[in-house]
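Next up is a structure, given as structure tokens.
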Protein chains: 2
Amino acid sequence: MEAGPGLRERKKQKTRDTIIRVALELFAERGYEGTTIAEIAEAAEVSPRTIFSYFPSKEDILFYDMTETQDRLARALSERPEGATTLDVLRGFIIGTLTRDHAHRMRHCIISDDEGLQRSKRARFAPLERLVVASIAQDLQAGPDDIRPQIVAAALMAAFAAVSDDDEAPSEAYSQEHALAVIEDVLSFLRGGLQALRER
Amino acid sequence: MEAGPGLRERKKQKTRDTIIRVALELFAERGYEGTTIAEIAEAAEVSPRTIFSYFPSKEDILFYDMTETQDRLARALSERPEGATTLDVLRGFIIGTLTRDHAHRMRHCIISDDEGLQRSKRARFAPLERLVVASIAQDLQAGPDDIRPQIVAAALMAAFAAVSDDDEAPSEAYSQEHALAVIEDVLSFLRGGLQALRER
DNA sequence: GAGCAAACTTGCAGGGCGTGCAGTTATAGC
DNA sequence: GCTATAACTGCACGCCCTGCAAGTTTGCTC
């Protein structure tokens with residue numbers, strides 16, 4: 001008896017994937033605002049009501065992988081090897097998270113077309129940033145009034161956003177190389193900044 | 001003949017102020033989600049439909065001063081004196097923008113109570129950050145691939161957010177002093193970071 | 001395989017936000 | 001005062017999202 005997920009679980013996963021796929025297609029075709037839940041439901045062959053048992057809101061369909069990314073980051077930070085700093089973990093995490101597949105490129109276009117979605121995307125990074133702030137605060141043994149974790153985390157998230165929005169990359173390989181260079185710059189920057197505060 | 005605004009304009013301003021005031025009171029009393037447009041309209045003695053001719057959305061009532069702040073920042077950056085850097089301008093701007101009046105404190109509580117509003121608040125800082133990015137890019141004569149402006153701007157915005165969220169300040173004077181200290185730290189940090197990149 | 005409990009799906013009713021439109025009311029300039 | 005313009009209002013509508021009470025499917029047991 002393999003302990004694989006049963007029919008029920010597999011079916012749910014399939015339905016979820018279908019909803020995401022058809023929703024992204026419709027968003028790309030008619031725009032996010034121009035697509036209704038009813039249309040997504042019809043294309044996915046479920047009832048509109050069912051959509052909301054898979055996703056808490058229409059926006060959550062678009063940002064379907066954010067919670068998973070958040071969990072991965074939390075795990076990467078908490079399970080980091082002895083001696084590894086938050087910055088070390090993040091370097092690997094950012095590179096590993098960069099994906100240039102069709103769905104992601106499509107989503108990038110969809111979000112670019114809508115002012116509100118750009119704001120939403122930014123807002124959805126906040127939980128990730130909070131994780132980074134806490135982890136860096138631990139590294140630096142920072143007190144509650146110490147502003148350094150927040151500054152460092154903000155800079156890191158900005159770098160992350162910059163490399164993942166970098167849409168003119170000619171190839172995935174180039175994109176990763178470029179991202180690595182950017183991240184090294186940011187880490188140098190942060191080390192220099194922290195050093196400057198230490199010397200005061 | 002003084003060229004003051006006519007009755008029409010004064011009345012509009014008054015209505016706008018009333019809407020903001022009663023909305024904040026209701027939000028504080030019953031929470032943001034627990035308050036409907038209809039209730040705000042009734043308390044402000046206008047029709048629900050009229051609310052939407054003053055504010056594009058319910059959230060915009062809460063963040064009524066963001067567009068004004070954005071305009072002020074844009075002006076401060078574009079009209080800066082010869083030789084002043086973006087960082088110089090921002091130091092003054094942040095200090096000048098810190099306010100601890102009743103409405104702001106009330107809003108802070110309202111936002112703290114609601115997960116979604118915290119995300120929204122963060123998202124609404126994006127336009128400010130874009131202004132800062134552009135201004136810093138100009139200062140640094142940065143090319144399009146240069147990540148420094150985004151990092152520096154993100155760190156500055158994080159500092160701004162930190163000092164304006166600093167709600168346990170015993171007094172406005174203390175709060176300003178504390179903010180100044182934080183900002184000086186951030187500026188040292190940024191100078192150190194930029195220096196480190198220059199030396200590579 | 002029949003039956004049962006749990007999980008999943010669905011339709012329905014409804015509340016809240018936001019918009020377009022047309023009619024009424026108030027203001028400003030002559 | 002009279003008129004053109006601006007503002008307010010009510011109405012109807014579409015959309016998102018939720019609670020609830022069915023109906024349907026799945027997994028498990030006998």
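Basis for what follows: all heavy atoms, side chains included, without hydrogens, waters or symmetry-related copies. Everything quoted here is computed from the prediction, not taken from an experiment. Lettering follows sequence order; numbering is per chain, from 1.
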Can you tell me how far P of D:dC16 sits from CG of A:D60, to the nearest Å?
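Answer to the nearest Å: 14 Å.
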
With distance as the sole test, does B:E39 use its side chain to make a donor-acceptor pair with the main-chain N or O of B:T36 at under 3.5 Å?
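Yes: the side chain of B:E39 pairs with the backbone of B:T36.
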
Take a 6.0 Å sphere around CD of B:Q195 and say whether it holds more than 12 heavy atoms from other residues, nucleotides or ligands.
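Yes, because the 6.0 Å sphere around CD of B:Q195 holds more than 12 heavy atoms from other groups.
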
Residue-level proximity of residues 29-39 of chain B to DNA chain C when a heavy atom falls under 4.0 Å:
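Residues of residues 29-39 of chain B that come under 4.0 Å of DNA chain C are, in numerical order, B:T35, B:T36, B:I37.
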
Looking at A:R72 and A:D65, is any side-chain nitrogen of the basic one under 4.0 Å from a carboxylate oxygen of the acidic one?
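Looking at A:D65 and A:R72, the cut-off is not met.
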
Is there a donor in the side chain of B:R80 and an acceptor in the side chain of B:T85, or the other way round, less than 3.5 Å apart?
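No pair is found: no donor N or O on one side chain lies under 3.5 Å from an acceptor on the other.
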
Just to verify, which of B:E33, B:R107, B:E59 counts as forming a side chain to side chain contact (heavy atoms under 4.5 Å, CB included) with B:L117?
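Single side chain to side chain contact (heavy atoms under 4.5 Å, CB included) partner of B:L117 among B:E33, B:R107, B:E59: B:E59.
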
Dot-bracket summary - DNA chain D, pairs being Watson-Crick or G-U whose distances fall under 3.5 Å, with | when paired to another strand:
||||||||||||||||||||||||||||||

Quick one: do the A:S120 and B:R119 side chains pair a donor with an acceptor below 3.5 Å?
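Their side chains do not contain a donor-acceptor pair, so the 3.5 Å distance test is not met.
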
Would you say B:K12 places a side-chain N or O within less than 4.0 Å of OP1 or OP2 belonging to D:dA7?
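Yes, B:K12 has a side-chain N/O under 4.0 Å of OP1/OP2 on D:dA7.
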
Which residues within residues 41-54 of chain A lie with some heavy atom under 4.0 Å of an atom in DNA chain C?
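Hits under 4.0 Å, by residue number: A:V46, A:S47, A:R49, A:T50, A:S53, A:Y54.
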
Could you give the distance from CD (B:Q70) to CZ (B:F125), rounded to the nearest 0.5 Å?
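CZ of B:F125 is found 11.5 Å from CD of B:Q70.
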
Quick one: CD1 on A:I19 to CD1 on A:I37, what's the gap to the nearest 0.5 Å?
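The CD1 atom of A:I37 is 9.0 Å from CD1 of A:I19, to the nearest 0.5 Å.
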
Say whether A:D60 and A:S57, considering side chains only, have a donor N or O and an acceptor N or O under 3.5 Å apart.
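A donor-acceptor contact under 3.5 Å links the two side chains.
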
Could you tell me whether the side chains of B:T50 and B:S47 share a donor-acceptor contact shorter than 3.5 Å?
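Result is yes, a qualifying pair exists.
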
